[in-house]
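In what follows, every chain begins at residue 1, and chains take the letters A, B, ... in the order their sequences are listed.
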Amino acid sequence: MSSELEPVDEVGWQKRWTDERVFEADLRGDRPKFYCLEMYPYPSGKMHMGHVRNYSIGDAVARYKRMRGFDVLYPMGYDSFGMPAENAAISEGGHPHDSTERNMASITAQIKRMGFSYDWRRTLKSHDPRYYKWNQWFFTKFMENGLARREHAPVNWCEACNTVLANEQVKAGRCWRCNGPVEQKEMNQWFLDLPSYAQQLHDGLDTIAFPEHVKSLQKDWLGRSEGANIRFGIVGREEKIEVFTTRPDTLFGATFVTLAPEHPLARLLVEGTPQEAEWRALHDEVASMSEFDRIKNMNKKQGVFSGHHAVHPLTGNAVPIWFGNFVIASYGTGAVMAVPAHDERDFDFATAYDIPIRRVLVMKEGGDADAPMNQAETDLGYMVNSPLDGFDGLYGQAAKDAVCAALEAANHGERTVNWKVRPWLISRQRYWGTPIPVIHCKECGAVPVPESDLPVELPRDVVFAVEGNPLETSPTFVNASCPSCGAEARRETDTMDTFMDSSWYFLRYTDALNDDEPFAKAIADRWMMVDFYCGGIEHAQMHLIYARFMTKALRDLGLVDVDEPFNELLCQGMVNKSAPFCADCGVTLSVDHEGAPCPHCHGELTSRSAKMSKSHGNTVSPEAMIERFGADTVRLFILFAANPTAGMDWSDAALEANHRVMLQLRSMPEQLMAWTASDTPMDAWMEARFTQRIHEFTEAMERYDLRRAVEISHYEVIKDINWYVRRGGGNRAVAERLLPIWSQLISVSTPHLAEVWWNDHAATTGLVAASSLEVPTPLDDDQQVLLAGEQYIRDVLEQARKVRVVAERHLGQSATSATLVVAPDWKRTLAQSALAFLADGGHPKQFMSVLQELPLAQGERKGEILGFWGKKMLPQVFKWDDASKSVVISSMDEALVLSHASDFVAAELGLATVNIVVGESDADTTGRAGSTMPLSPAIVYA
RNA sequence: GCCGGGGUAGCCGAGUGGUCAAAGGCGUGAGGUUUAAGCCCUUAUCUCAAUGAGUUCGCAGGUUCGAAUCCUGCCCCCGGCACCA
């Protein structure tokens with residue numbers, strides 16, 4: 001009985017793995033390498049199910065690859081800078097450093113309890129000065145190369161978090177962390193010139209194995225658009241207005257120019273004019289508004305005339321210059337040429353302010369060039385009404401090209417590619433991050449801290465319960481002398497965005513203990529790229545863009561050779577659990593409401609699967625589950641419950657079911673080793689079947705189909721063994737050959753139990769975690785036939801069971817015997833001919849004429865045979881799978897196979913006798929040969 | 001609005017032209033085992049007058065000897081972006 005078995009001593013096995021250092025990755029000679037990585041976690045004190053899922057997936061891959069002979073780099077560390085620790089210090093006192101270290105210790109213990117196969121020597125933590133020193137060093141290099149810049153610019157400010165945010169960290173106008181409103185603020189801030197890598201970041205996506213939706217997300221964010229920069233003169237002034245457009249083909253329809261109210265020229269144009277007050281009102285309204293509100297407001301087109309006119313670059317006509325609330329200062333050039341006829345926004349604006357609308361495209365060739373415009377026609381079209389010769393009639397790209405060529409010839413513009421992505425704002429007005437290594441000197445400006453003075457360490461003498469950046473409260477930190485002139489100076493108190501930390505940690509892992517450089521180039525080059533990267537989809541645009549940018553930037557500093565950090569990216573699905581749901585209100589509620597009516601509408605609640613979260617109260621503690629069922633069960637459940645990329649529903653019942661499987665497996669070796677049966681023909685079947693399973697397993701693992709792999713190792717093999725035993729198998733020698741490899745298969749997902757098998761039952765030495773798995777040679781023909789024959793018996797049994805209910809209804813009593821009528825030879829011959837014909841590429845329709853000529857179709861049964869082909873055999877030849885087809889083609893004697901198994905079949909069906917006859921032979925008195933088919937005998941009960 | 005991903009039996013979910021009435025799991029029914037329950041094993045689980053036939057893979061058409069799978073149109077769900085010029 002399974003409950004009498006000792007539970008697996010998981011902690012004991014973990015200790016042995018550590019003692020024997022089996023997971024310490026090093027490059028050994030010429031073995032291939034494999035870099036398996038999970039997104040390193042923020043060290044909250046507790047491991048949650050999302051972590052467990054993430055690492056169970058990665059660990060399975062790492063263990064599999066290790067067993068297949070790779071040097072596997074599989075590290076773990078902590079993204080330990082960031083706001084939660086600092087906020088805790090502000091509200092509860094204490095120091096972020098202490099709480100972070102405490103939390104790290106506790107989450108590390110929980111992670112270790114799962115038995116993941118990390119090389120813990122390489123652990124890194126962002127807040128370690130030995131790590132963030134290199135952030136600072138990179139930063140000073142970037143300054144030297146013009147990649148890092150300080151600019152006074154409007155930036156996103158989150159009041160609640162008391163810091164600025166990168167564009168990527170603003171979601172729908174709100175802060176990605178606290179969901180508070182984000183305002184625009186003009187500040188001096190540090191930026192990294194990510195847009196200069198936009199094209200590379202865009203093109204690189206085609207060289208790596210990211211999921212399509214992640215690529216599309218990144219491309220959206222980079223926002224490539226092709227078009228032209230066009231310069232308009234200003235009547236009576238020297239300055240030019242440069243606009244960006246994707247539609248140069250509509251240039252002749254530009255009846256005004258619109259500037260963002262914050263455009264640098266705006267003030268110059270209106271200062272001291274009657275328009276100044278109106279402009280200022282618009283400017284102030286727009287500039288102070290949070291972006292969220294501004295976008296909401298943009299529906300209402302608001303504009304102010306500047307009092308000036310621009311000069312159309314090709315016609316020389318004067319067109320008015322307006323300021324519009326819908327023009328975004330930070331995109332393109334902050335100015336647009338307005339073509340009301342062919343742009344919806346411009347149409348609305350022109351209509352509101354009574355500006356002329358001039359059609360320059362028609363949507364159909366030869367369309368009416370003077371047709372009135374009731375709305376903007378924004379599709380590509382044929383040029384009309386061009387004031388210059390040579391344009392009318394041109395369409396689409398040709399039209400764009402012609403206009404661009406004219407602009408380039410006149411030096412009033414040129415083709416260009418514009419990117420939506422902005423420079424990466426990395427300044428944060430917070431304490432718990434990497435100090436930006438700069439000293440501000442009145443004379444010398446912003447001076448980078450020399451390499452010899454790095455790292456600039458975070459001071460301990462700060463006060464957290466203050467308004468503003470706690471770093472400013474440390475005089476020892478703030479007061480510094482200028483590295484270049486020695487004068488009194490002030491140290492930069494901005495720290496770096498924590499995404500800086502996570503943008504290169506994967507490089508650090510390759511050489512984590514190096515104190516002389518961030519990583520040795522030769523070592524990093526050997527391990528990179530990351531072959532398998534597993535983490536949440538929420539990082540698809542921030543972390544995964546920054547890390548790709550950083551890799552390219554470090555490459556250009558000569559620090560590493562790779563162009564891309566990650567090859568295969570797997571975004572694991574959410575862990576969900578049911579929570580109360582009100583269908584009428586469409587709200588998911590906390591589990592507190594279970595069984596109660598909806599608090600909003602008082603209707604009855606149903607339940608729905610929802611992401612595990614504190615607010616829903618539907619979280620499940622991994623610790624509690626491990627304590628109850630063990631780490632192996634939790635891992636098995638998590639891998640088996642859903643494909644890695646799919647969302648999975650946590651179910652206690654399913655977890656318990658998986659636990660039962662684990663208990664069953666726990667007792668498996670004893671059962672197998674207790675086999676005492678002698679050799680049977682089934683032994684060869686069992687070995688062939690298991691060989692087939694090994695192949696299926698490795699194929700599933702190679703495509704990271706972990707669910708299928710687990711299904712094979714933990715479910716299918718048991719079924720195979722059950723069948724083997726049912727068929728009279730039970731040879732201990734077979735068990736002895738099978739058990740070691742089976743241990744290896746289960747070790748990928750349930751490594752602790754696998755060690756018990758490997759060490760206590762299989763005649764093996766060492767640890768299964770350090771073993772190597774050989775893929776056996778493919779099955780030979782004899783083995784294929786063996787498997788097919790057995791499959792045939794299973795199919796016949798299944799069919800016999802289905803038919804029996806009906807048959808007994810006809811008989812009016814229980815059946816006591818059955819006759820299996822095997823298809824007559826001519827049907828098999830027919831099938832073989834047809835299969836051969838089709839295998840040669842023949843069309844199914846043509847086989848009828850071939851058949852008419854075949855010897856088997858001659859004679860008085862010709863009509864019957866031709867009819868049988870069309871009605872019965874034609875659909876059937878396509879239904880057979882490859883294995884069945886080869887059985888049909890081979891000369892497996894169905895009657896013989898069934899005869900050998902007739903006692904078994906009789907026993908399975910609880911019948912006294914089972915007779916086997918060939919249809920249409922003298923022995924066949926059933927008259928049922930007509931319904932037979934190769935591999936599908938008629939079953940006649942009596 | 002644009003871009004991606006989806007819609008498969010009571011539920012979850014595999015399935016990219018024939019191996020599909022559709023894997024596997026969960027749930028449910030039956031039998032075996034058991035003192036009993038559980039575990040475990042076997043078996044059933046779209047409909048009907050049942051060795052057959054019919055109808056099913058969001059909806060409606062189409063291509064094909066053959067469609068869950070390919071094509072066209074439509075509906076719905078999820079994610080992202082969004083007056084981005």
Minimum-distance nucleotide (side-chain atoms of A:D343 versus B:rA85, B:rU51, B:rG80):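 Output: B:rA85.
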
So if I take every side-chain heavy atom of A:V336 and compare against B:rA85, B:rC41, B:rG80, which nucleotide ends up nearest?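 For the A:V336 side chain, the nearest candidate turns out to be B:rA85.
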
Provide, to the nearest angstrom, the distance between the [atom1] atom belonging to [X] and the [atom2] atom belonging to [N].
X      : N      : atom1 : atom2 : result
A:E711 : B:rA14 : CD    : P     : 12 Å
A:E344 : B:rG1  : CD    : C1'   : 8 Å
A:W221 : B:rG4  : CH2   : P     : 19 Å
A:D795 : B:rC20 : CG    : C1'   : 14 Å
A:Q572 : B:rG5  : CD    : C1'   : 18 Å
A:E908 : B:rC41 : CD    : P     : 15 Å
A:L636 : B:rG25 : CG    : C1'   : 12 Å
A:I328 : B:rC81 : CD1   : C1'   : 12 Å

For the residue pair [Y] / [X], report whether a side-chain donor-acceptor contact shorter than 3.5 Å exists.
X      : Y      : value
A:R689 : A:Q692 : yes
A:Q799 : A:D795 : no
A:E894 : A:Y792 : yes

Select base, sugar-phosphate, or nothing to describe what [X] touches, counting heavy atoms under 4.0 Å on all strands.
X      : value
A:Y715 : nothing
A:I939 : base
A:R726 : sugar-phosphate

Give a yes/no answer on whether the side chain of [X] brings an N or O atom under 4.0 Å of OP1 or OP2 in [N].
X      : N      : answer
A:Q846 : B:rC65 : no
A:R801 : B:rU43 : yes
A:K879 : B:rA21 : yes
A:K845 : B:rC65 : yes
A:Q218 : B:rG80 : no

Quote, to the nearest angstrom, the [atom1] distance that separates [N] from [M].
N      : M      : atom1 : result
B:rU47 : B:rG10 : P     : 9 Å
B:rU16 : B:rA82 : P     : 35 Å
B:rA60 : B:rC76 : C1'   : 15 Å
B:rA44 : B:rA50 : C1'   : 15 Å
B:rG17 : B:rA68 : C1'   : 11 Å
B:rC20 : B:rU69 : P     : 16 Å
B:rA22 : B:rU55 : C1'   : 14 Å
B:rA14 : B:rG25 : P     : 15 Å

Return the nucleotide paired to [N]: Watson-Crick means purine N1 to pyrimidine N3 with N6-O4 or O6-N4, wobble means G-U with N1-O2 and O6-N3, both under 3.5 Å.
N      : answer
B:rG27 : B:rU45
B:rC81 : B:rG1
B:rG61 : B:rC71
B:rU33 : none

Looking at the base of B:rU51, is there any donor atom on it, or on the side chain of A:R928, that sits under 3.5 Å from an acceptor on the other one?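 Yes.
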
Is it true that A:R707 and A:E711 make a salt bridge, defined as a side-chain N closer than 4.0 Å to a carboxylate O?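 Yes, charged N to carboxylate O under 4.0 Å.
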
Plane angle bin for A:F349 and A:Y353 - parallel if under 30°, tilted between 30 and 60°, otherwise perpendicular: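 Tilted, since the angle between the ring planes falls between 30° and 60°.
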
Does A:A335 or A:K719 map to a spot on RNA chain B nearer the 5' end, using the closest nucleotide for each?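 Nearer the 5' end of the strand: A:K719.
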
Please figure out whether A:P844 or A:Y941 has its closest RNA chain B nucleotide nearer the 5' end.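 In this pair, the answer is A:Y941.
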
Derivation of the ring pair (Phe, Tyr, Trp, His ring centres under 6.0 Å) call for A:F629 and A:F637: CA-CA 11 Å; A:F629 299 109; A:F637 168 60; 9.6 Å; no

A:D343 and A:T250, any side-chain heavy atoms less than 4.5 Å apart: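 A side-chain contact under 4.5 Å is absent here.
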
